[in-house]
Chemist: 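Before I ask anything, here is the structure I am working with.
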Amino acid sequence: MSSTKFKQLSPAEFFYNNRSMAGFDNPTRAVYTVMRELIENSLDACDAHGIKPLIYVSLKRVAADELEVLIADNGVGVPSRYIADAFGRVFFGSKYTIRQSRGTFGLGGKMAILYGQLTTGEPVNVATSIGSDIHLVKLSIDIKLNQPIVHQKKILHNPNSYRGTTVSIKFKGDYVSARNRVIRYLRMTRIALPYASIIFFDPENQVFLAPALTESMPKPPVESKPHPYGVDIIKVKEMVDSSKREVTLLKFLQKFSRIGVTTASRFVTWLGLDPNRPVKKLSDDEIKKIVEGFKSFTFLPPDGSSLSPLGEQTIRTGLTSEYNPEFISVTTRPPSAYEGFSFIVEAALAYGGGINSENGSNEVRLLRFANKIPLIYDSSNDVAMKVIEEDIDWANYGLDPKVDPLLIFIHIAASKVPFKTAGKEYVADREEVRREIRLALRKCARDLKTYLSKKKREQNFHMRNEKLLGYLTLINKYSSALSGKAPLEGRQLGLLIKGAKWDDAKEEI
Ligand SMILES: Nc1ncnc2c1ncn2[C@@H]1O[C@H](COP(=O)(O)OP(=O)(O)OP(=O)(O)O)[C@@H](O)[C@H]1O
Ligand SMILES: [Mg+2]
């Protein structure tokens, strides 16, 4: 008889065994994912804290199929007591808060480090400072125990108060086949972040140089309280446990976003509970009643303060620098929410100029971003593509996105982006999000339609005038010969064409 064997898997072991879930399927995709995870961490350490990002990335070939990536940023740095865990323990991070950030899981950077460790056996090198001493740490991850193994540590004085982080990882990867994606990712990052400066040296000695195009930066997001629509029993129990003994139900409810003292009293009365009861004394049934009540009571929606949308000017600057289109229409939707998480959709349609019309591929040109991260893979599964293909009747606007020189830009800024995978490649088809994208795109399409009809009217008007001028020139010539008077001058003919009143024209003449 065979016996069943049980064993426990650590989080590090789990992701090590299931690398493809996080975007490390093969050496090509690994190059892109390693770079993306590290760049995202660097950008989070800058713009989420109001720092204009200055990011330096170098990718070197150190053996036939082995690369070394080095990334340096001017971000907030990592406090010394957290360095080992931040880079050596899966599910450890500073972004488990209700606030927009690129990072969410406490996993991405570690996956890059684990992947490097798995394919080359080499540890990661980190140098970081929050403005005081510089800490140099060489570490790897103990996969079984999910904890850091620190190989070397050094502290350097920092007389110039340098602040930021440098990470360097060796890993197996195929840059030649990843190059197009990597460059596309950097160009898209540039479109969303024209306020960042990015320098990338690739293994073929090519340099991608993207200095900042603008001084202005979106306002950093602020951390917000959980919204009553977005919590479950476990979360509420956790909040009850961490409350002090004397906290009453009325006070406790004010720990949620959009609940002040008035709403709290109305809610408690509606539930039929005692507002002065210490929250720690609530029974499981009463907690369940509160959580169920949260779902049916009407609260104001989340206010969007935890979000940092790009803003119209940033989007215009980014799109203009990359495509120089003839026309751009941008729409920012007001804050909305799903399951208590706030989000804002920003959309843009760019038309003409550098956006070429006959690309021959018969594909929609769609640039997708979520929390300022460019999304490159799996666009056909993304909610934005579903809206474009199923919800919008482009013919109504006289447009065909597969043929016209049209570029569609969508950014979802959310306190939690409904990504479908740990690789953060595409956004789930949630009705609330889908509706906002639909409304934003329709508004952009209306603006573009207005622009194009005006342009057409002006073109027709111009053509009509050209023709008229031809006829009038002839009439002018013959009538002057017949009457023996001097012919009118070109300027006077122009005035007639413009439709100026005859009396005005006479005065001019
Ligand atoms: N360049 C950096 N500057 C400052 N802090 C950093 C940097 N890189 C990583 N960190 C810290 O290390 C933590 C872990 O990073 P990691 O990429 O593993 O997870 P995350 O960014 O929190 O979430 P995600 O899994 O979505 O990437 C971060 O939350 C952050 O606090
Ligand atoms: Mg990260």
Side-chain angles (χ1 to χ4, degrees), residues 11-12 14-16 18-19 21-24 32-57 69-117 124-132 134-137 139-141 143 146-148 162-169 185 189 196 198 220-221 223 370-375 414-425 427:
F14 174 80
F15 282 103
Y16 182 85
N18 298 283
R19 294 182 287 284
M21 278 176 72
F24 292 84
Y32 162 73
T33 310
V34 166
M35 289 187 60
R36 200 188 98 156
E37 292 296 350
L38 298 180
I39 291 175
E40 273 172 27
N41 281 351
S42 286
L43 291 172
D44 268 344
C46 297
D47 64 3
H49 300 268
I51 301 168
K52 249 177 82 180
L54 175 57
I55 314 284
Y56 168 93
V57 190
V69 63
L70 182 141
I71 174 158
D73 64 57
N74 60 335
V76 286
V78 184
S80 59
R81 65 181 181 286
Y82 296 127
I83 301 172
D85 284 332
F87 295 96
R89 193 188 292 276
V90 169
F91 296 147
F92 185 95
S94 57
K95 304 174 196 166
Y96 301 122
T97 51
I98 303 179
R99 174 173 111 121
Q100 176 184 330
S101 72
R102 296 170 180 83
T104 9
F105 304 118
L107 173 71
K110 264 83 70 180
M111 279 307 297
I113 295 166
L114 270 174
Y115 181 78
Q117 202 173 308
V124 57
N125 285 299
V126 180
T128 186
S129 172
I130 55 169
S132 42
I134 301 175
H135 293 259
L136 308 183
V137 182
L139 64 86
S140 45
I141 301 176
I143 297 165
N146 185 30
Q147 65 185 28
Y162 156 86
R163 193 198 52 208
T165 303
T166 303
V167 176
S168 135
I169 299 175
Y185 172 79
T189 301
I198 302 175
E223 189 177 340
N371 284 358
K372 301 178 189 166
I373 308 174
L375 307 181
S415 53
K416 182 176 168 211
V417 177
F419 283 118
K420 270 297 235 190
T421 60
K424 297 187 207 155
E425 286 302 349
V427 177

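Order of listing sets the numbers, starting from 1, for every ligand and every atom in it. Numbering starts at 1 and runs along the sequence shown. Quick caveat: nothing in here was measured; it's all calculated off a predicted structure.
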Chemist: How many angstroms lie between atom CD1 of Ile198 and atom CG of Leu43, to the nearest 0.5 angstrom?
Modeler: 6.0 Å

Chemist: Give, for atom CD of Glu425 and atom CG of Leu375, the distance between the pair rounded to the nearest 0.5 Å.
Modeler: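 Between atom CD of Glu425 and atom CG of Leu375 there are 6.5 Å.
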
Chemist: Pairs of donor and acceptor atoms involving the side chains of residues 107-114, under 3.5 Å and at least two apart or interchain, shall be tabulated with distances.
Modeler:
unit_1 : atom_1 : unit_2 : atom_2 : d
Lys110 : NZ     : Ala86  : O      : 2.9
Lys110 : NZ     : Arg89  : O      : 3.4
Lys110 : NZ     : Phe92  : O      : 2.7
Lys110 : NZ     : Gly106 : O      : 3.2

Chemist: How many angstroms lie between atom CG of Asp47 and atom OG of Ser42, to the nearest 0.5 angstrom?
Modeler: 11.0 Å

Chemist: Less than 4.5 Å apart, side chain to side chain, heavy atoms only: is that true for Asn371 and Lys424?
Modeler: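 Not in contact.
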
Chemist: For atom OH of Tyr82, is the number of surrounding heavy atoms from other residues, nucleotides or ligands below 6.0 Å larger than 12?
Modeler: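 Check fails, neighbour count at 12 or below.
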
Chemist: Under the salt bridge (Lys or Arg N to Asp or Glu O under 4.0 Å) rule, collect the residues that match up with Asp44, sequence neighbours excluded.
Modeler: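 Counting only residues at least two positions away or on another chain, Asp44 forms a salt bridge (Lys or Arg N to Asp or Glu O under 4.0 Å) with Lys95, Arg102.
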
Chemist: Can you tell if the side chain of Asp73 reaches within under 4.5 Å of the side chain of Pro53, non-hydrogen atoms only?
Modeler: no

Chemist: Using a threshold of 4.0 angstrom between heavy atoms of the protein and any atom of ligand 1, which residues qualify?
Modeler: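 Under the 4.0 Å cut-off, ligand 1 touches Glu37, Asn41, Ser42, Ala45, Asp73, Gly77, Val78, Ala86, Phe87, Phe92, Gly93, Ser94, Lys95, Gly103, Thr104, Phe105, Gly106, Leu107, Gly108, Gly109, Lys110, Thr165, Lys424.
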
Chemist: To the nearest 0.5 Å, tell me how far Phe14 CZ sits from Arg19 CZ.
Modeler: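 Here the interatomic distance stands at 12.5 Å.
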
Chemist: Show all protein N/O/S atoms under 2.8 Å from the Mg ion (ligand 2), or state that there are none.
Modeler: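 The answer is Asn41 OD1.
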
